[in-house]
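Convention: sequence-line order gives letters A, B, ...; per-chain numbering from 1.
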2 protein chains.
Amino acid sequence: MSKEKRLDAIRKIISNHKIGSQEELLSRLTDLGFDLTQATLSRDLKQLKVGRIPSDNGFSYIISQKFIDSSENREFSPVAYGFLAIEFSGNLAVIKTLPAYSHTIADAIDKSEMNEILGTVAGNDTVIAVLREGYSSDQVINAIGNFLPELKGKLKQ
Amino acid sequence: MSKEKRLDAIRKIISNHKIGSQEELLSRLTDLGFDLTQATLSRDLKQLKVGRIPSDNGFSYIISQKFIDSSENREFSPVAYGFLAIEFSGNLAVIKTLPAYSHTIADAIDKSEMNEILGTVAGNDTVIAVLREGYSSDQVINAIGNFLPELKGKLKQ
DNA sequence: ATTCTGATTGCATATTTATACATTTTTATA
DNA sequence: TATAAAAATGTATAAATATGCAATCAGAAT
């Protein structure tokens, strides 16, 4: 039910903060209202392919693409790579991205010319998309999944 | 002397083979004639900043070329300095800033991950923040004051 | 509705990894 | 060379992380 939201939150937290352990991440998640155990978090991190690298004062979790890149990802999609999470408020969709990826992603949305989205503006790590009146968030998610199939794995449901 | 050779060997092994655990790597190293324990290997990996990512059948160790910057705490707060005013309209907050400060301030808001704000975009001297549905402007002001206490003095209405 | 199937999760625990401490080895300096 | 200081290491163990298993839940199919 809320697993996708949880994964979104994990992606967001990890890309914005230096997290040193699963316990620390777990604490942040429970602060945000998510109810889970370390076991589930471990599985989430595995599913998200979140990596851990040594840092000066301990360790740090990072989105794996940040250090895989070259060898295995032959068909690399910057759109899927930079896309972190999407949420809705009223007639707006707010898409969180890796820093500097918002323009790439907004551009992909604009070029797809999906009917459900009137237009976008892009900040540094955020895209705001204005929804056409009468469309639900589910419909918009479906539309994005259809026009940008590389994002399907990162959209809820 | 022997340590540098060992580190070289570790680098080589890790970049050429999929290693799933320190024990596995340790075994390869002892096969090559190196004499060490898991404890030393753990320290070596930390020194080499070797990361570990989940892979299909377990985990995989990799050399990470990129580092992650850790921000230092300073006395001067560009967030407080650049912040001029905030006003609300519907589910949006509009923050006026000194020219070129909008991205800094939007970024601070994004990183705070306050529940009340879904996301932001920044122009030159303006930040637009999308509020989560159900929150009043007063609640948002309180949240900003809590997450960014350096702004407290500037949030009176 | 009932049954089946697969996904999700917590609990308990196994496995893996990091580290405090003591010791040895190396390096630097007088 | 002798001595002090720093680096490297092993042992034992703490700390962190992964996972087998059983229970629960969500959908799909009958």
Phosphate contact ([N] OP1 or OP2) by [X] side-chain N/O below 4.0 Å:
{"X": "A:Arg52", "N": "C:dT17", "answer": "no"}
{"X": "B:Tyr61", "N": "C:dT16", "answer": "no"}
{"X": "A:Arg43", "N": "C:dC11", "answer": "no"}
{"X": "B:Lys3", "N": "C:dT25", "answer": "no"}
{"X": "A:Lys46", "N": "D:dT17", "answer": "no"}
{"X": "B:Thr37", "N": "D:dG10", "answer": "yes"}

- Message: Among C:dT17, D:dT11, C:dA12, which nucleotide has an atom closest to any side-chain atom of A:Ala39?
- Response: C:dA12
- Message: Of the listed nucleotides (C:dT9, C:dA18, D:dA18), which one gets closest to any side-chain atom of A:Ser42?
- Response: D:dA18
- Supply the atom-to-atom distance B:Ile117 CD1 to B:Ser112 OG, rounded to the nearest 0.5 angstrom. 6.5 Å
Write down the distance between [atom1] ([X]) and [atom2] ([N]), rounded to a whole number of angstrom.
{"X": "B:Leu41", "N": "C:dT16", "atom1": "CG", "atom2": "C1'", "result": "12 Å"}
{"X": "B:Leu45", "N": "D:dT9", "atom1": "CG", "atom2": "P", "result": "13 Å"}
{"X": "B:Asp35", "N": "C:dT24", "atom1": "CG", "atom2": "C1'", "result": "14 Å"}
{"X": "B:Phe59", "N": "D:dA16", "atom1": "CZ", "atom2": "C1'", "result": "12 Å"}
{"X": "B:Gln47", "N": "C:dT17", "atom1": "CD", "atom2": "P", "result": "18 Å"}
{"X": "B:Arg6", "N": "C:dT26", "atom1": "CZ", "atom2": "P", "result": "12 Å"}
{"X": "B:Ile19", "N": "C:dT17", "atom1": "CD1", "atom2": "C1'", "result": "16 Å"}

- Query: Does B:Arg6 make a cation-pi contact with B:Phe34 (under 6.0 Å, within 45 degrees of the axis)?
  - Reply: no
- Task: Please report the shortest heavy-atom distance between B:Glu24 and B:Lys18, naming the atom on each side.
- Result: OE2-O, 3.5 Å
- Item | Distance-only donor-acceptor test, B:Gln38 side-chain atoms vs C:dA18 base atoms, 3.5 Å | yes
- Using a 4.0 Å heavy-atom cut-off across all strands, classify B:Leu36 as base, sugar-phosphate, or nothing. sugar-phosphate
- Close approaches to DNA chain D from residues 21-31 of chain B, in residue order (heavy atom, under 4.0 Å): none
Donor + acceptor pair across side chains of [X], [Y] (<3.5 Å):
{"X": "A:Gln22", "Y": "A:Gln38", "answer": "yes"}
{"X": "B:Asp125", "Y": "B:Ser102", "answer": "no"}
{"X": "A:Asn91", "Y": "A:Tyr135", "answer": "no"}

- Between A:Lys12, A:Lys96, A:Lys5, which is the residue that forms a side-chain hydrogen bond (donor to acceptor under 3.5 Å, both in side chains) with A:Glu87? A:Lys12
